[in-house]
Every structure is written in C-alpha cells, then in structure tokens.
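Here is the structure we will look at.
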Amino acid sequence: GEDVEQSLFLSVREGDSSVINCTYTDSSSTYLYWYKQEPGAGLQLLTYIFSNMDMKQDQRLTVLLNKKDKHLSLRIADTQTGDSAIYFCAEIGGYNKLIFGAGTRLAVHP
Amino acid sequence: GAVVSQHPSRVICKSGTSVKIECRSLDFQATTMFWYRQFPKQSLMLMATSNEGSKATYEQGVEKDKFLINHASLTLSTLTVTSAHPEDSSFYICSASARGSSGANVLTFGAGSRLTVL
C-alpha cells in the first residue's frame, strides 16, 4: 500500500545544515512534496520535485531524490530559529490524494 | 500564488451542537478540495475529498453523517461537524488543488480550524 515514513525528530544548531529524510512506497508518484507546519498553523508548501529529477535547489533548500531507493531528502542550509517547525514529506497516491508522512519536528538551538 | 482561506480559525462549542467550517479558494477555482484532520503531534489524516457539484468521497472509517461536506461552488467547500462531542475536538485543515508553475498539481492549505467541544 501507499506509505510515507520519516524520522520524527531532528535537533540542529543554528547555522548548521539540517537534513530531513523520507522514504515512500509508491513508485508511480509523479511529484513529491515538502510541506512546513508551524505551531497552530496550516501547511505551507516549501518545494516539490518532479519524479524524473534527482535534485532541486531553491535558495537554502535542496531536495534530493533517489528514485531507485524511493528516498527523498530535504536539506536546509544555514538553519535558523525560524526554521523550527514540523516538516512533512508527501507523495501523490491513488486518485491524486496526497499521502503524508508523520512529520519531522525540527528543533533549532543556539 | 494560490491562497486558501479557512474560517473560523478557532471555535469552541458545547457538546451536541453543530459547527460549520468554511474553506475558500481566493484567487483560483477549485473543483476538488480536501479535508484533513490532525490530532496533536500527529500527521494529517485525510477525511474526505470534496467535489464541486457532487457528493464528497469519504475515507474509510469517516462517518459521512457526522462530517457533512458541501461543495456548492468552485471556490467554497464547507465541513459541518454535526452533534459534536469532545472526541471530535481536533485541528481541521482544508486544502485545494491548483496548478503550480511547472504544471505540478500543488495542494494549497488553509490555516486550519481548531475545534474544541466542551
């Protein structure tokens, strides 16, 4: 079945890079997404990558896709306290529904 | 970019009453909207897919009589929690699908509605 898995927690020092990892099961997903959720708020689309790409860079964000291993990662360069949030990866499942991982809580400390 | 507005952001109600949550696509038309529920420190659970002009498609285990969805126009979907009970207290988030600049189907989310049933 469709499933997306992420590690639940990541703690980094301000200024370091953060790498959030995700694995998915549906190899037919055409797009994979990263969303950010701040406390008490909805989800904000950070970036997405087309399945025929290996990498996408957008300012401080770098997405790497290993389609063979069904592994997706999000790298945040120069992590700031404002980056503290929950990050969800998602794949497109059947009927164009988004399947979300459980979310990775990123904590940035001085 | 695409914006989805959700209202109210917070609502507190008494047990047994019904609560309506609105989800609007502000600058685009959305034939399909999705309603999610999120429990504290958990991921989003898809409740139903709201289709403009037709019945919503509910996920397994979601009571359609409890969570009424109406998608009467291309910019508005509503979720009504009927006869709410404390166990219905949750964070409800709607989303709508819009085309991104590269052609990707991108889900844009509302800010969410926190429902507390006393």
Side-chain angles (χ1 to χ4, degrees), chain A residues 1-9 20 22-24 26 28-53 56-58 63 65 72 84-107, chain B residues 1-10 21 23-26 30-51 56-60 62 90-116:
Chain A
E2 300 154 341
D3 194 19
V4 177
E5 293 190 356
Q6 305 177 234
S7 52
L8 295 182
F9 190 75
I20 302 171
C22 170
T23 57
Y24 60 96
D26 189 348
S28 64
S29 292
T30 50
Y31 291 94
L32 293 135
Y33 305 81
W34 282 103
Y35 283 86
K36 176 183 180 182
Q37 185 181 33
E38 296 183 2
L43 272 68
Q44 170 197 354
L45 177 67
L46 281 180
T47 186
Y48 57 90
I49 187 167
F50 189 44
S51 60
N52 69 353
M53 296 170 64
K56 179 179 179 181
Q57 188 151 359
D58 184 1
V63 178
L65 174 61
L72 182 74
S84 295
I86 301 175
Y87 291 81
F88 292 93
C89 78
E91 63 169 349
I92 288 280
Y95 303 101
N96 282 326
K97 294 183 291 192
L98 270 189
I99 310 297
F100 286 91
T104 300
R105 185 177 295 273
L106 174 64
Chain B
V3 177
V4 172
S5 171
Q6 195 172 334
H7 177 81
S9 57
R10 289 180 183 272
I21 301 169
C23 180
R24 293 180 185 273
S25 57
L26 293 189
T31 54
T32 303
M33 290 184 175
F34 301 90
W35 286 96
Y36 291 84
R37 182 174 180 177
Q38 186 179 32
F39 292 101
K41 297 185 180 179
Q42 292 191 27
S43 188
L44 283 76
M45 180 193 81
L46 179 64
M47 298 173 66
T49 304
S50 172
N51 305 297
T57 307
Y58 289 82
E59 296 300 301
Q60 195 170 8
V62 178
S90 193
F91 193 53
Y92 294 88
I93 312 177
C94 73
S95 66
S97 184
R99 279 288 166 198
S101 56
S102 66
N105 237 3
V106 172
L107 269 196
T108 300
F109 285 82
S113 299
R114 182 162 302 283
L115 170 64
T116 304

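Note that these values count all heavy atoms, side chains included, but never hydrogens, waters or copies made by symmetry. Each chain gets a letter, A, B and so on, in the order its sequence line appears, and its residues count up from 1.
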Fill in: Interchain contact, Phe100(A) with chain B, by part (heavy-atom threshold 4.5 Å)
both
Practice prompt. Taking Ser43(B) for its side chain and Gly101(A) for its backbone only, find out whether a donor-acceptor pair lies under 3.5 Å.
Written response: yes
Discussion item. For Phe91(B) and Gln37(A): C-alpha separation, side-chain torsions, deciding distance, then whether side-chain contact (heavy atoms from CB on, under 4.5 Å) applies.
Written reply: CA-CA 13 Å; Phe91(B) 193 53; Gln37(A) 185 181 33; 3.8 Å; yes
Item to complete: Kindly say whether Leu107(B) contributes a backbone atom to a donor-acceptor pair with the side chain of Tyr35(A) at under 3.5 angstrom?
Response: yes
Discussion item. Heavy-atom pairs under 4.5 Å with chain A - which of Arg10(B), Gln6(B), Arg114(B), Glu59(B) has more of them than the others?
Written reply: Glu59(B)
Discussion item. Nearest 0.5 angstrom please: Phe109(B) CZ to Leu98(A) CG, how far?
Written reply: 6.0 Å
Response to the item:
On a heavy-atom basis, the closest approach of Gln42(B) and Phe88(A) is O-CZ, 4.3 Å
Worksheet entry | Heavy-atom side-chain proximity of Leu43(A) to Ile93(B) below 4.5 angstrom | yes
